[in-house]
Amino acid sequence: MSEQVLAVEDLHVWFDLPKKGRLHAVQGVNLELLSGERFGLVGESGCGKTTAILALMGLLPSSADVSGSIILDGEDILAGGERSMRPHRWKDISMVFQGAMNAFNPVQTVGAQLIEPMEFHGVATGDAAKKAAGELLELVGIAPERADRYPHEFSGGMRQRAAIAMALACSPKVLLADEPTTALDVMVQAQILDLLTRLSDDLGLALVFVTHDIPVIAELCSRAAVMYAGEIVETGAMETLYHDPRHPYTRMLFGAIPDPEGEKDVVSIPGAPPRLDREITGCPFAPRCDVAFERCRVERPALLELARRHSAACHLNDRTAS
Ligand code: SF4
């Protein structure tokens with residue numbers, strides 16, 4: 001049976017704005033991740049997905065105020081700030097960024113950059129680290145000899161593979177992948193998705209895959225959370241979210257997927273998400289919701305558990321709704 005490796009409880013992220021005021025970018029996010037599980041975090045740009053996972057890595061700028069708990073293997077790694085985060089970052093919880101080129105130092109060989117986290121965390125040093133770097137490249141389908149090459153000598157797809165190898169250098173339990181296929185062509189995208197699937201199956205790696213691309217999540221993940229305006233508005237098994245969405249935003253997101261058979265119309269979601277530097281009264285989705293009613297404009301819906309591991313934040317699920 002899979003074990004829980006990560007639990008995020010009531011995670012909030014605030015940013016101080018340059019002039020005055022604060023932006024509430026992540027609002028009470030709760031997540032649970034089991035070993036070997038592939039979990040999707042989905043939503044439009046600006047809904048807080050990337051901010052949430054950067055908070056899990058402790059990589060937000062100092063202007064961010066983060067609260068809540070990030071429990072990794074039973075320890076709250078947020079409680080002691082940077083002192084308690086540092087021993088776990090890249091070792092137990094690791095990340096693949098959107099643009100692989102940005103993940104690498106252009107003046108260091110790829111091999112040297114694979115070795116660095118291993119040496120920092122005392123996982124391997126010297127020849128052992130060099131050998132491990134070659135093995136990591138092999139694991140992601142790159143010839144080990146290429147360890148001596150510089151990032152610009154790699155193609156886009158190969159760089160993304162190397163970025164995955166770097167994230168795996170210390171054998172993490174949790175891998176956070178932030179839109180890792182967005183900049184790649186369709187063929188390379190499919191190869192990277194296959195690679196991530198294989199790695200999570202073979203290594204028992206828990207994967208959080210962040211994207212606005214629902215078909216990608218549907219292919220890769222067994223469970224997902226839908227984020228809107230900084231909060232999770234629905235979470236459940238992919239099957240459930242697809243066939244029985246209980247939040248209008250989830251239904252509309254899935255409705256916006258192009259149908260390859262051309263049998264159903266693609267319906268886009270009107271309007272734009274709300275600004276998070278202003279106070280929101282009622283349901284944040286109300287101005288765009290096609291079934292909003294009076295209560296939605298005055299009362300914010302809470303995330304309610306509808307069935308085991310299926311929750312949604314919509315007044316329509318509340319039997320007392322009027
Ligand atoms: Fe729509 Fe109301 Fe549900 Fe919000 S609470 S998603 S406005 S029906």
Side-chain angles (χ1 to χ4, degrees), residues 8-14 22-32 39-53 68 210-218 221 223-259 264-322:
V8 177
E9 292 170 6
D10 200 23
L11 183 71
H12 288 263
V13 179
W14 298 83
R22 303 183 93 198
L23 186 148
H24 199 179
V26 175
Q27 307 186 10
V29 161
N30 292 291
L31 284 178
E32 183 205 34
F39 186 86
L41 203 52
V42 70
E44 289 162 287
S45 299
C47 67
K49 312 179 297 285
T50 297
T51 305
I53 62 163
V210 174
T211 186
H212 58 270
D213 191 339
I214 305 245
V216 165
I217 291 266
C221 302
R223 233 163 33 95
V226 178
M227 282 191 81
Y228 188 77
E231 62 182 18
I232 289 179
V233 295
E234 185 159 7
T235 182
M238 273 317 297
E239 281 280 305
T240 311
L241 297 182
Y242 190 78
H243 295 293
D244 184 25
R246 299 292 291 275
H247 193 287
Y249 182 57
T250 311
R251 168 173 53 76
M252 291 161 100
L253 270 183
F254 280 87
I257 303 173
D259 175 13
K264 75 173 172 91
D265 294 336
V266 175
V267 184
S268 61
I269 307 174
R275 289 180 56 165
L276 298 179
D277 57 343
R278 295 188 181 158
E279 199 177 329
I280 298 170
T281 305
C283 173
F285 191 58
R288 307 172 76 188
C289 182
D290 56 359
V291 287
F293 55 110
E294 215 180 313
R295 183 179 175 189
C296 308
R297 306 195 200 283
V298 291
E299 190 186 327
R300 195 163 183 142
L303 190 69
L304 294 180
E305 187 167 38
L306 309 172
R308 197 175 164 268
R309 306 191 100 193
H310 182 201
S311 305
C314 172
H315 290 314
L316 290 174
N317 300 309
D318 181 349
R319 287 169 201 280
T320 63
S322 55

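Numbering of ligands and ligand atoms starts at 1, following listing order. Computed over heavy atoms, backbone and side chain alike; hydrogens, waters and symmetry mates excluded.
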At a 4.0 Å threshold, what atoms of ligand 1 neighbour a non-hydrogen atom of [X]?
| X | answer |
| --- | --- |
| Cys296 | 2 (Fe), 5 (S), 7 (S), 8 (S) |
| Leu316 | 8 (S) |
| Pro248 | 1 (Fe), 6 (S) |
| Ala286 | 7 (S) |

### Message
Has Asn317 got a side-chain atom pairing as donor or acceptor with Leu306's backbone, closer than 3.5 angstrom?
### Response
no
### Task
Evaluate whether atom CD of Glu299 has more than 12 neighbouring non-hydrogen atoms of other residues, nucleotides or ligands under 6.0 angstrom away.
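Counting neighbours around CD of Glu299, more than 12 heavy atoms of other residues, nucleotides or ligands fall under 6.0 Å, so yes.
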### Task
May I ask you to identify the nearest protein heavy atom to atom 4 (Fe) of ligand 1, giving residue, atom name and distance to one decimal place in Å?
Cys283 SG, 2.3 Å
### Task
Specify the protein heavy atom at minimum distance from atom 5 (S) of ligand 1: its residue, its atom name, and the distance to 0.1 Å.
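Nearest protein contact, heavy atoms only, for atom 5 (S) of ligand 1 is His315 N, 3.3 Å.
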### Query
Do any of the N, O or S atoms of Cys289 sit under 2.8 Å from atom 1 (Fe) of ligand 1?
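So Cys289 counts as coordinating atom 1 (Fe) of ligand 1, yes.
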### Message
Once rounded to the nearest 0.5 Å, what's the spacing between atom CH2 of Trp14 and atom OG1 of Thr51?
### Response
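Rounded to the nearest 0.5 Å, the CH2-OG1 separation comes to 14.0 Å.
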### Task
Specify whether His12 and His24 have parallel, tilted or perpendicular ring planes, treating 30° as the upper limit for parallel and 60° as the lower limit for perpendicular.
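Parallel.
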### Task
May I have all residue pairs that pass salt bridge (Lys or Arg N to Asp or Glu O under 4.0 Å) and include part of residues 304-314, sequence neighbours excluded?
Glu32-Arg309
### Message
Is any side-chain heavy atom of Pro284 closer than 4.5 Å to one of Glu231?
### Response
yes
### Task
Please tell me if the side chains of Leu253 and Ile269 come closer than 4.5 Å, counting only heavy atoms from C-beta onward.
yes
### Query
Of all the atoms in Cys314, is at least one N, O or S atom closer to atom 3 (Fe) of ligand 1 than 2.8 Å?
yes
### Message
Is the contact between His247 and ligand 1 made by the side chain, the backbone, both, or neither, using heavy atoms and a 4.0 Å cut-off?
### Response
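Only the side chain of His247 comes within reach of ligand 1.
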